[in-house]
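Throughout, protein chains are lettered first and strands after them, A, B, ... in sequence-line order, and every chain is numbered starting at 1. Bear in mind that the values here come from a model prediction, so they are computed numbers and not experimental data.
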Amino acid sequence: MERIVVGMSGGVDSSVAALLLKRQGYDVVGVFMKNWDEQDENGACTATQDWGDVQAVCDHIGIPYYAVNFEKEYQERVFSYFLEEYRKGRTPNPDVLCNREIKFKAFLDFALQLGAGKMATGHFVKTGALHGHTTLLKGADPNKDQSYFLYMLKEEQLQKAVFPVGDMTKAQVRALAFEAGLPVSQKKDSTGVCFIGERNFRQFLQGFLPLQAGEMQTEDGRVMGRHIGLSYYTLGQRKGLGIGGGGDGRSWFVVDKDLKRNVLVVAQGEDHPRLYSRYVRASQATWVGEPPGAEGAPFRCAATFRYRQADQPVEAVWRGQDLYLRAEQPQRAVTPGQSVVLYDGDRCLGGGIAEEAGMRPLADLVTK
RNA sequence: UGGGGUAUCGCCAAGCGGUAAGGCACGGGACUUUGACUCCCGCAUUCGUAGGUUCAAAUCCUGCUACCCCAG
């Protein structure tokens, strides 16, 4: 009987994943990862609660369970990067790294050590086969697809992974959990940075980053207020600026960060031109399988510039680790540090990390 | 301390005798395995202040205070 180790978070998705594998006759082992040791704002350790849920679920399903601790790995491979990016005034997405480095590396290795042939998670994605290669596909539930977070995985990693709920909708998952009597069937979906959880982001960052207050200015230099530190804001952000009234009365948004002068540039109106860009340069390009096309050869595909965004038609070209994109439609608040993920239909090709974006063709951008 | 003007929620701003619009900010919620965006709900028993007129005033009158402008 083939053994499969399931990464269990204590949530509905991974619980149902374990349940399905068990029903399919696999030798299922549930493993809970504790990668962050800190209490939330209320002094409660959510990991303790989640671990309790994992135990309850596994007992219910009738499978053995363990807990592993990758705090060190998480700190070294994910969190340090996360902080470093913020220090540079960028807006990182730690979860894409977490998947590549922790869930589908450290954890995968651990699973193999336990004698498993494969590992499983509750991600809403699917794997497919194309010309003898394993591919990463969007989950069946368009509203829950999580391929955006997994684009950094390589084919080798995917070959060892199974995603039992990938072809289900969230509603189906919940219904199944309920029918099976899983104790977490009604548990609210968790959000926030993986393993760290939901929390007041500003407050959280303050524990790691210095506050370096400065001015908020309009493009033409009018001082609109003060900011507490450029790291604490992201492009396109509206809430938290504290600027009200003035101008045409519309809301204010962050349109730029001037690291040199420590000035947060703000502009009025959700449709402000400074908020949009069609040309994007991304770095650290990574491909699930073979790179799309030849180096330097433009190709058409779809892209998402943030989680849950609808596919955006783009023309792309890659050169080495660099990825250049020209979007057909102007994209709102493409932010340095955030991931750009490419698709061919439902197949996730890979992606990169946005470095710069604008409405004007940037140097080396796709030349038509 | 001559003349004129303005004082309504943190900000902007309706109101012009009939019992406080709206926008922004802010708070809460929804959505969401990043950060954001978005959506929904809430948000002045009170109109610089003290009196007066009136059945009734933020709206009219008077004093005071503050700020602005022009004169000095």
Side-chain angles (χ1 to χ4, degrees), chain A residues 7-14 17 33 35-36 46 50 74 78-79 81-83 85-86 88-100 102-103 121-125 139 141-152 163 165 170 173 187-205 209 216 224-226 230-255 257 266-272 275-276 304-310 331-341 351 353-354:
Chain A
M8 300 187 70
S9 65
V12 202
D13 306 337
S14 55
M33 275 178 271
N35 302 336
W36 188 259
T46 53
D50 291 332
Y74 187 81
V78 180
F79 201 66
Y81 156 84
F82 171 82
L83 286 183
E85 286 284 277
Y86 268 115
K88 293 185 201 159
R90 290 155 60 96
T91 306
N93 181 336
D95 290 350
V96 296
L97 257 192
C98 176
N99 284 318
R100 187 183 74 189
I102 307 299
K103 291 178 182 169
T121 68
H123 282 110
F124 282 93
V125 295
D141 187 336
N143 199 45
K144 276 291 180 179
D145 166 49
Q146 291 171 318
S147 58
Y148 179 85
F149 292 105
L150 300 183
Y151 81 96
M152 279 189 175
F163 304 105
V165 303
K170 182 72 189 193
V173 170
K187 190 173 175 180
K188 190 183 185 309
D189 288 1
S190 66
T191 58
V193 177
C194 229
F195 300 119
I196 295 179
E198 303 177 60
R199 48 184 76 223
N200 181 314
F201 212 73
R202 190 174 284 199
Q203 215 174 72
F204 176 69
L205 275 185
L209 293 177
M216 288 185 194
M224 297 306 299
R226 305 273 306 165
L230 259 24
S231 296
Y232 293 85
Y233 305 82
T234 191
L235 298 192
Q237 178 175 336
R238 165 181 172 177
K239 291 289 183 178
L241 301 185
I243 308 176
D248 56 20
R250 302 161 83 192
S251 300
W252 293 84
F253 296 85
V254 174
V255 298
K257 293 183 181 185
V266 296
Q268 213 161 14
E270 64 288 337
D271 54 355
H272 189 95
L275 243 21
Y276 289 84
T304 54
F305 297 85
R306 54 173 49 70
Y307 178 50
R308 284 167 59 78
Q309 180 185 26
Q331 301 296 314
R332 189 175 189 285
V334 175
T335 308
Q338 289 285 291
S339 290
V340 183
V341 180
I353 295 180

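A distance of about 14 Å separates the C1' atoms of B:G18 and B:C60, rounded to the whole Å. Annotation: B:U65 and B:G48 have their C1' atoms spaced 8 Å apart (nearest Å). Across B:U62 and B:G27, the matching P atoms stand 44 Å from one another, rounded to whole Å. B:A56 and B:U38 have their P atoms separated by 48 Å, given to the nearest Å. On the P atoms, B:U8 is 25 Å away from B:G3, given to the nearest whole Å. Rounded to whole Å, the P atom of B:G15 lies 29 Å from the corresponding atom of B:G51. On the C1' atoms, B:U53 is 7 Å away from B:C61, given to the nearest whole Å. Straight-line distance between the P atoms of B:U59 and B:U54: roughly 16 Å, to the nearest whole Å.
Comparing A:Thr234 and A:Gly242 along RNA chain B, the residue whose closest nucleotide (by nearest heavy atom) sits nearer the 5' end is A:Gly242. Residue A:Trp252 is the one, among A:Trp252 and A:Pro92, whose nearest nucleotide of RNA chain B lies closer to the 5' end (criterion: closest heavy atom).
At whole-Å resolution of the value, CD in A:Gln268 and C1' in B:C24 are 8 Å apart. With rounding to whole Å, A:Phe149 atom CZ is found 12 Å from B:A36 atom C1'. Rounded to whole Å, the distance from CZ on A:Phe201 to P on B:A36 is 6 Å. Summarising the geometry, the separation between NZ on A:Lys188 and C1' on B:U32 is reported as 8 Å, rounded to the nearest angstrom. Separating the CZ atom of A:Phe82 from the C1' atom of B:A36 is a distance of 13 Å, rounded to the nearest angstrom. Atom CG of A:Leu235 and atom P of B:G35 are 16 Å apart (whole Å). For the pair A:Leu241 CG and B:G27 C1', the computed distance is 16 Å after rounding to whole Å. Rounded to a whole Å, the CZ atom of A:Phe79 is 16 Å from the P atom of B:U34.
When distances run from any side-chain atom of A:Lys239 to the nucleotides B:C37, B:C31, B:C24, the shortest one goes to B:C37. Among the nucleotides B:C26, B:A36, B:U32, the one closest to any side-chain atom of A:Lys144 is B:U32. Comparing atom distances between the A:Gln237 side chain and each of B:G35, B:C26, B:A36 picks out B:A36 as nearest. The side chain of A:Arg332 sits closest to B:C37 out of B:C24, B:G35, B:C37. Closest to the side chain of A:Ser251, out of B:A25, B:U34, B:A30, is B:A25. When each of B:C24, B:A36, B:U38 is scored by its nearest atom to the side-chain atoms of A:Glu270, the top-ranked nucleotide is B:U38. Listed nucleotides: B:U38, B:U34, B:A36. Nearest to the side chain of A:Gln338: B:U34.
At the heavy-atom level, A:Gly122 lies nowhere under 4.0 Å from the strands shown. Contacts of A:Ser339 with the nucleic acid, taken as non-hydrogen atoms under 4.0 Å apart, are absent. Using a 4.0 Å heavy-atom cutoff across all strands shown, A:Phe253 reaches sugar-phosphate atoms only and no base atom. If you check every strand for non-hydrogen atoms under 4.0 Å, A:Asp145 touches nothing. Among the protein residues, A:Gly244 comes within range of the nucleic acid bases, having at least one heavy atom under 4.0 Å from a base atom.
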Practice item. Report the C-alpha distance between A:Leu97 and A:Phe82 in whole Å, list the side-chain angles of each, state the deciding distance to 0.1 Å, and finish with yes or no for side-chain contact (heavy atoms from CB on, under 4.5 Å). Key: CA-CA 9 Å; A:Leu97 257 192; A:Phe82 171 82; over 6 Å; no

Review point. Please walk me through it: do A:Asn35 and A:Lys103 pass side-chain contact (heavy atoms from CB on, under 4.5 Å)?
Key: CA-CA 10 Å; A:Asn35 302 336; A:Lys103 291 178 182 169; over 6 Å; no

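Of all non-hydrogen atoms in A:Asp13 and A:Val165, the two that sit nearest each other are O-CG1, 3.7 Å. Across A:Tyr148 and A:Phe305, no two heavy atoms sit closer than the pair OH-O, 3.8 Å.
Taking only distance into account, the side chain of A:Arg250 never meets the base of B:G23 through a donor-acceptor pair shorter than 3.5 Å.
Between the A:Asp95 side chain and the A:Phe149 main chain, no donor and acceptor come within less than 3.5 Å of each other. Using modelled atom types, one side-chain atom of A:Tyr232 and one backbone atom of A:Leu209 make a donor-acceptor pair closer than 3.5 Å.
At the phosphate of B:A25, OP1 or OP2 sits under 4.0 Å from a side-chain N or O atom of A:Arg238. Checking the phosphate oxygens (OP1, OP2) of B:U34, no side-chain nitrogen or oxygen of A:Thr91 falls inside 4.0 Å.
With a cut-off of 3.5 Å on both pairing distances, the Watson-Crick or G-U wobble partner of B:G51 is B:C61. Across the strands present, B:G42 finds its partner in B:C26; the criterion is a Watson-Crick or G-U wobble pair with both atom distances under 3.5 angstrom. Base pairing annotation: B:C16 forms no Watson-Crick or G-U wobble pair, as no partner gives both donor-acceptor distances under 3.5 Å. Nucleotide B:G2 has B:C70 as its partner under the Watson-Crick or G-U criteria, with both atom distances under 3.5 Å.
Figure legend: A:Arg100 and A:Tyr151 shown without cation-pi pairing, the cationic atom not lying both under 6.0 angstrom from the six-membered ring centre and within 45 degrees of its axis.
With its glycosidic angle more than 90° from 0, B:C9 is assigned anti.
For the side chain to side chain contact (heavy atoms under 4.5 Å, CB included) with A:Asp145, the lone residue among A:Thr304, A:Val125, A:Leu150 that qualifies is A:Val125.
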